[in-house]
Number of protein chains: 2
Amino acid sequence: MTAAMQLTSVLKTLADPTRRAVFERIAREGEVAATGLVHGSKVSQPAVSQHLRALRDAGLVIERREGRHIHYRVAPKGLGPLVDWLGHYQTFWAERFENLERLLKETES
Amino acid sequence: MTAAMQLTSVLKTLADPTRRAVFERIAREGEVAATGLVHGSKVSQPAVSQHLRALRDAGLVIERREGRHIHYRVAPKGLGPLVDWLGHYQTFWAERFENLERLLKETES
DNA sequence: CATTTATATAAGCAATGGCTTATATATTGA
DNA sequence: TCAATATATAAGCCATTGCTTATATAAATG
């Protein structure tokens with residue numbers, strides 16, 4: 001799998017709002033079981049299951065089985081292809097980058 | 001248009017490899033006419049035209065008419081929604097971010 | 001073992017997407 | 001005004017996508 005293909009996979013996976021919402025919820029909650037994600041979701045259990053599979057296939061989340069439950073968390077390197085690609089376009093978002101840089105430094109202290 | 005919708009638009013637009021290639025070429029060449037993009041493209045003129053429209057609608061490129069030619073360049077703020085969104089997930093790509101930070105500093109000097 | 005709970009898979013459907021060919025609309029210049 | 005060039009739009013086609021309902025699998029528990 002080439003870098004371009006991985007990037008395409010990440011972009012396509014995050015492009016769907018419902019699926020991105022699932023990802024964001026996993027990120028926010030740290031670790032969630034699939035059931036938890038179904039509750040409070042607009043779509044059905046199979047739909048959530050399909051989205052989780054897509055997120056996993058794209059390398060964006062990791063699953064950990066615990067009995068009947070499967071817990072999901074964000075994969076640390078999942079956003080890597082996206083970040084790397086954006087790195088090539090620094091000149092086009094340098095200003096915002098400065099903001100992030102400042103933010104990071106504030107967070108450190 | 002909400003921030004989430006803009007992000008969806010940017011992600012969907014960049015998710016197609018052919019269209020992303022067009023964007024990358026515009027970024028690389030600085031300013032290109034549509035004809036220039038058609039030459040050396042795998043797809044037809046209408047296809048390129050459709051991709052350019054999508055890129056423009058997503059706010060990723062800007063067009064400048066000059067006689068019969070329309071020149072495209074990357075819109076500085078186009079990647080903004082993506083960068084902003086990624087900002088919320090710093091913890092998941094902090095390491096790569098450090099690399100970028102280092103790279104930026106090297107570039108400055 | 002039987003039932004309940006958690007998740008995945010199958011099948012089908014309507015909508016979307018990206019491409020093509022054909023044609024329309026500028027814009028320029030002879 | 002006519003022909004050539006540059007780009008856009010229209011229409012149609014096929015593949016993909018996201019959803020649904022129905023069903024299958026897996027694991028825990030009585």
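Here is the naming used below: chain letters follow the sequence lines, and residue numbers restart at 1 for every chain. Computed over heavy atoms, backbone and side chain alike; hydrogens, waters and symmetry mates excluded.
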Roughly how many Å is it from CG in A/L55 to P in D/dT17, rounded to a whole number? 14 Å

Nearest whole Å is fine: how far is D/dT5 P from B/E66 CD? 19 Å

According to a 4.5 Å side-chain heavy-atom criterion applied to Ile, Leu, Val, Met, Phe, Trp and Tyr, with indirect links allowed, do A/I70 and A/V43 form part of one hydrophobic cluster? yes

May I have the distance from B/R64 (atom CZ) to D/dA6 (atom P), rounded to whole angstrom? 16 Å

Taking OP1 and OP2 of D/dT17, is either one under 4.0 Å from a side-chain nitrogen or oxygen of A/H51? no

Rounded to whole angstrom units, what separation is found between the CG atom of A/L14 and the P atom of D/dG18? 12 Å

Does A/E29 pair with A/R73 as a salt bridge, N-O distance under 4.0 Å? no

How close or far is atom P of D/dT17 from atom CZ of A/R20, stated in whole angstroms? 17 Å

Taking NZ, NE, NH1 and NH2 as the nitrogens, is one of them in B/D16 or B/R20 under 4.0 Å from a carboxylate oxygen of the other? no

Hydrophobic cluster identity match, B/V61 and A/Y89, side-chain contacts under 4.5 Å: yes

Taking only N and O in the side chain of A/S44, is any of them less than 4.0 Å away from OP1 or OP2 of D/dT21? no

Using a cutoff of under 3.5 Å, can you pull out all pairs of nitrogen or oxygen atoms linking the protein to nucleotides 1-4 of chain D, with atom names and distances?
none

Quickly, which of A/L52, A/L55, A/V32, A/L60 forms a side chain to side chain contact (heavy atoms under 4.5 Å, CB included) with A/Y72? Name it, please. A/L52

Over all atoms of both residues, closest heavy-atom pair of A/R19 and A/K12: NH2-O, 3.4 Å

Side-chain contact, heavy-atom cut-off 4.5 Å: B/L79 with B/L14? yes

Between the protein and nucleotides 8-17 of chain C, list every N/O to N/O distance that falls short of 3.5 Å.
residue	atom	partner	partner atom	Å
C/dA8	OP1	A/Y72	OH	3.3
C/dA8	OP2	A/S49	OG	2.8
C/dA8	N7	A/Q45	NE2	2.9
C/dA8	N6	A/Q45	OE1	3.1

Applying side-chain hydrogen bond (donor to acceptor under 3.5 Å, both in side chains), can you list everything that pairs with A/R56, at least two apart in sequence or on another chain? A/E63

